[in-house]
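Encoded as structure tokens, the structure appears first; notes follow it.
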Amino acid sequence: MASVWKRLSCDGDVLNLGITLVCGQAFRWKKLNNEEWCGVLSGKVWTFKQSSDGIYYKVNSRLSEVESTTQNESILNDYFQLNIDLHHLYDHWSSRDDNFKQVAATISGFRLLRQDPVENLFSFICSSNNNIERISSMVEALCVKYGGIITEVNGVVYHDFPSIATLAEPQVEQELRELKFGYRAKFIHETAKILMKKCNKDWLISLREVPYEEAHAALCELPGVGAKVADCVCLMSLDKTDAIPVDTHVWQISCRDYNIPDLKKSKSLTNKAYKAIGDHFRQLFGKYAGWANSVLFSGDLKKFQDSKVNYIQVSLI
DNA sequence: CAGGTC
DNA sequence: TCTGG
């Protein structure tokens with residue numbers, strides 16, 4: 001399908017692609033240059049360009065597919081959750097927390113993506129004891145080995161994320177071990193098998209309709225899914241806007257920048273500390289606490305990445 | 001030790 | 001604990 005640039009009218013402070021796509025919530029968006037990103041969404045290959053008068057996008061689909069601008073814009077509105085008024089939320093969070101106000105000034109236009117729960121769940125099963133670079137390459141490996149081919153764009157072949165049925169096939173654990181997935185190989189395969197046994201084949205996405213606590217508890221039953229991964233899935237693909245994933249970074253930021261009762265006493269991230277942090281931010285920021293918390297964390301990640309770039313630049317001189 | 005889990 | 005830096 002021939003692809004042309006289309007414009008999605010929205011300002012940079014309504015949607016900042018640079019921060020939103022590479023902050024670690026999704027692992028398949030590739031930065032092509034300073035203002036262009038490319039990746040797979042809803043079975044199509046999308047190229048995005050951030051411009052002063054909006055977001056430009058190009059779509060490449062399977063050969064058989066007929067492109068509909070109305071349908072494509074609907075996919076983007078859903079994925080970027082453009083119906084959610086970010087200005088209003090930033091103002092609210094800033095009024096509640098001076099630290100947020102300070103961090104937010106450096107990262108406007110950050111959004112949570114409304115992701116596919118299957119891709120989101122298996123990606124974050126890969127995230128334990130791992131770094132973003134390696135998580136990204138593992139997710140890529142899953143797609144190349146088990147995902148269907150969508151199309152080729154500029155000499156690169158793009159694949160769908162694999163289906164649950166494919167990941168449940170008997171040889172998968174051994175194959176993933178050979179691909180250096182480590183102990184995550186068993187978690188991925190076992191979780192896929194459990195999901196296949198559910199009567200409701202749309203069980204995962206049906207968790208969008210149940211309360212946060214219920215969805216969180218259900219996810220924690222799956223092998224390789226603990227409190228943190230369950231919260232990532234709740235927040236990023238199940239519409240639980242007040243879910244707060246607490247990882248070592250969030251824990252350290254919380255200890256450093258917030259006065260949360262009893263937190264500084266614990267030497268490690270205990271269950272009690274995990275809950276105390278989540279409850280504190282939910283009380284502080286309200287219904288969209290998970291979004292606010294992600295902005296705070298992205299601010300820290302951005303500083304970290306900037307300092308890494310500086311380090312590399314310095315070492316090259 | 002890296003955005004945990006069992 | 002798997003694996004990579």
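Note on naming: letters A, B, ... go to the chains in the order of the sequence lines (proteins, then strands), and numbering restarts at 1 for each one.
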(message) For A:F181 together with A:F187, are the ring centres under 6.0 Å from each other?
(response) no
(message) Looking only at the aromatic ring of each residue, does the gap between the centers of A:F27 and A:F124 stay below 6.0 angstrom?
(response) yes
At 4.0 Å (heavy atoms only), tell me whether [X] reaches a base, stays on the sugar-phosphate, or touches nothing.
X: A:V225; value: sugar-phosphate
X: A:A185; value: nothing
X: A:L179; value: nothing
X: A:V250; value: nothing
X: A:G224; value: sugar-phosphate
X: A:P245; value: nothing

(message) Is it true that, when you exclude A:Q283 itself, more than 12 heavy atoms of the residues, nucleotides or ligands shown sit nearer than 6.0 Å to its CD?
(response) no
What integer distance in Å separates [X]:[atom1] from [N]:[atom2]?
X: A:I135; N: B:dC1; atom1: CD1; atom2: P; result: 18 Å
X: A:M138; N: B:dG3; atom1: CE; atom2: P; result: 13 Å
X: A:N130; N: B:dT5; atom1: CG; atom2: P; result: 12 Å
X: A:E178; N: C:dT3; atom1: CD; atom2: P; result: 11 Å
X: A:I125; N: B:dT5; atom1: CD1; atom2: P; result: 10 Å
X: A:D247; N: B:dT5; atom1: CG; atom2: P; result: 10 Å
X: A:H249; N: B:dA2; atom1: NE2; atom2: C1'; result: 7 Å
X: A:K180; N: B:dA2; atom1: NZ; atom2: P; result: 23 Å

Closest nucleotide among [options] to the [X] side chain:
X: A:R134; options: B:dT5, B:dG3, C:dT3; result: C:dT3
X: A:R184; options: C:dC2, B:dG3, B:dG4; result: C:dC2
X: A:R177; options: C:dC2, B:dA2, B:dG4; result: C:dC2

(message) Less than 4.0 angstrom from a charged side-chain N to a carboxylate O is my criterion; do A:R62 and A:D160 meet it?
(response) yes
(message) Do the side chains of A:E67 and A:K44 get close enough for a salt bridge, i.e. N-O under 4.0 angstrom?
(response)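 Here A:E67 pairs with A:K44 in a salt bridge, since their nearest N and O are under 4.0 Å apart.
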(message) For B:dG4, does the base pair up with any side-chain atom of A:Y274 as donor and acceptor (N or O, under 3.5 Å, distance only)?
(response)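 Not at all, since no donor on one side and acceptor on the other fall under 3.5 Å apart.
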(message) Should the side chain of A:K228 and the base of B:dG3 be counted as holding a donor-acceptor pair, with the cut-off at 3.5 Å?
(response) yes
(message) With ring pair (Phe, Tyr, Trp, His ring centres under 6.0 Å) as the criterion, how do A:F48 and A:F80 come out once you've worked through the C-alpha distance, each side chain's angles and the decisive distance to 0.1 Å?
(response) CA-CA 12 Å; A:F48 295 123; A:F80 290 115; 5.5 Å; yes
(message) Here's a test of your reading of the structure: between A:L222 and A:M236, which maps to the more 5' nucleotide of DNA chain B?
(response) A:M236
(request) Could you check which nucleotide pairs with B:dC1 in any of the strands shown, counting Watson-Crick or G-U wobble with both distances under 3.5 Å? (result) C:dG4
(message) Side-chain N or O of A:S127 versus OP1/OP2 of B:dG4: is the shortest distance under 4.0 Å?
(response)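 For B:dG4, OP1/OP2 do not have a side-chain N/O of A:S127 under 4.0 Å.
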